[in-house]
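Shown next, in structure tokens, is the structure this report addresses.
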Amino acid sequence: MEWLRLAGLVLLGWGLGSLVNYLGDVLPATRRLSPPVCFSCGRHFPLLDYIFIQSCRGCNSKRNIRAWVVQFVSIIAVTWLGTTQTSRMGFWPSLAVLVYFGVVGLIDLEHRLIMHPVSLAGVILGGVMGFWLHGLKATLAGGAAGFAIMLGLYYLGYLFAKWLSKMRKETTDEEALGFGDVALSGVLGLLLGWPGILGGLVLAILLGGAGSLIVLIYSLAARKYRTFMAIPYGPFLLAAAAILLFRTAG
């Protein structure tokens, strides 16, 4: 029955959202898989309390709104995939890719960090999925191109930041791009293949420009603008790749 199928998709979405929340919580804090803890008092969350976003039993502090947002976005994404079949990868492989994208994007947004172990997991996932979608040659070429192009942009951004700092006589530790973005571009190159990664990078630049403009306008209006204000670039790379990966039915 259709309602039973929809209920199953909702439950699956909630479960995967819990997984993304869990990895986004514990990996930046412990650099390994470990029981989730309350950020206020350090008490371990019982499994069901964590899954259903309950308050901490130790200090009664509530989970942040991000946990709820991730859960509902996951439900929407899984339900959409399960009812429209828009992905060429198939349902279950698509879920694996979306969970990976969710974890990377969440950590980058909250910590401005793309962790090397997460990138290594992405190389394995991207290599397998890319080989399935594009074959070995296009997958390897896409990965190499994504890494090399973003590496060039990384060094250009580094030199530009140093030049601007010297011109303004201000010191800064901010980077236009982090090396994690370079590694992520290599992973996305494996997924998109060659020449798909070129379209992915161009689209990411356009999305990043639009997003930066919105942030700039908001910062100026709220009087929160500061020089060398950096914006996480990983979510724009992920959004561009998701658009290209999931745009085609069949």
Side-chain angles (χ1 to χ4, degrees), residues 20 73 76-78 80-81 84-109 112 114 118-158 160 175-216 230-250:
V20 171
V73 169
I76 292 170
V78 171
W80 171 69
L81 274 176
T84 61
Q85 298 181 343
T86 58
S87 173
R88 294 179 296 132
M89 294 180 288
F91 179 68
W92 294 105
S94 295
L95 292 185
V97 171
L98 284 179
V99 167
Y100 178 77
F101 281 13
V103 172
V104 175
L106 179 59
I107 295 175
D108 198 24
L109 281 172
R112 293 202 57 237
I114 297 177
V118 177
S119 296
L120 180 59
V123 169
I124 297 172
L125 176 64
V128 171
M129 294 303 305
F131 177 73
W132 182 16
L133 292 171
H134 316 292
L136 181 61
K137 184 176 179 180
T139 298
L140 295 178
F147 185 87
I149 292 171
M150 193 57 71
L151 183 64
L153 294 176
Y154 168 80
Y155 282 116
L156 285 176
Y158 173 81
F160 176 76
E175 296 178 327
L177 289 171
F179 196 81
D181 298 314
V182 178
L184 178 60
S185 297
V187 170
L188 298 181
L190 295 172
L191 274 169
L192 295 173
W194 176 268
I197 184 58
L198 298 179
L201 292 178
V202 170
L203 182 56
I205 290 171
L206 293 176
L207 293 174
S212 299
L213 180 60
I214 293 171
V215 171
L216 176 61
I231 299 172
Y233 202 72
F236 299 113
L237 290 167
L238 294 169
I243 290 171
L244 295 181
L245 284 170
F246 299 110
R247 77 188 192 282
T248 305

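These figures come from a predicted structure and were not determined experimentally.
- The heavy-atom pair separating Val182 from Tyr154 by the smallest distance is CG2-CB, 3.7 Å.
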Subject >> Criterion side-chain contact (heavy atoms from CB on, under 4.5 Å) on Leu81 and Trp92, from CA distance to verdict >> reply: CA-CA 9 Å; Leu81 274 176; Trp92 294 105; over 6 Å; no

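- Contact detail for Leu207 and Ala239: the closest heavy-atom pair is CD1-CB, 4.0 Å.
- Checked against side-chain contact (heavy atoms from CB on, under 4.5 Å), Leu125 has the following partners two or more places apart in sequence or in another chain: Ala96, Val97, Tyr100, Met129.
- Summarising the geometry of Leu201 relative to Gly146, their closest heavy-atom pair is CD1-CA, 4.5 Å, with the distance given to 0.1 Å.
- Using a 4.5 Å cut-off on side-chain heavy atoms (C-beta onward), Ile114 and Phe179 make no contact.
- Looking at every heavy atom in both residues, Ala204 comes nearest to Ala240 through N-CB, 3.5 Å.
- Residues passing the side-chain contact (heavy atoms from CB on, under 4.5 Å) test with Ala242, sequence neighbours excluded: Phe101, Phe246.
- In this structure Pro195 satisfies the side-chain contact (heavy atoms from CB on, under 4.5 Å) test together with Leu198, sequence neighbours excluded.
- In this structure, CG on Leu244 lies 5.5 Å from CG on Leu203, to the nearest 0.5 angstrom.
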Indicate every side-chain donor-acceptor pair of residues 184-194 with a distance under 3.5 Å to a residue at least two apart or in another chain.
unit_1 : atom_1 : unit_2 : atom_2 : d
Ser185 : OG     : Asp181 : O      : 2.9

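- The side chain to side chain donor-acceptor pair (under 3.5 Å) search around Ser119 returns none, not counting sequence neighbours.
- For Leu136, the side-chain contact (heavy atoms from CB on, under 4.5 Å) partners two or more places apart in sequence, or in a different chain, are Phe131, Leu140.
- For the pair Val128 and Trp132, the minimum side-chain heavy-atom distance is 4.5 Å or more.
- Atom CG of Leu237 is separated from atom CD1 of Ile205 by 9.0 Å, given to the nearest 0.5 angstrom.
- Contact detail for Ala145 and Ile197: the closest heavy-atom pair is CB-CG2, 4.1 Å.
- Between Asp108 and Pro235 the shortest heavy-atom distance is OD2-CD, 3.3 Å.
- The number of heavy-atom neighbours closer than 6.0 Å to OH of Tyr155, taken from other residues, nucleotides and ligands shown, is 12 or below.
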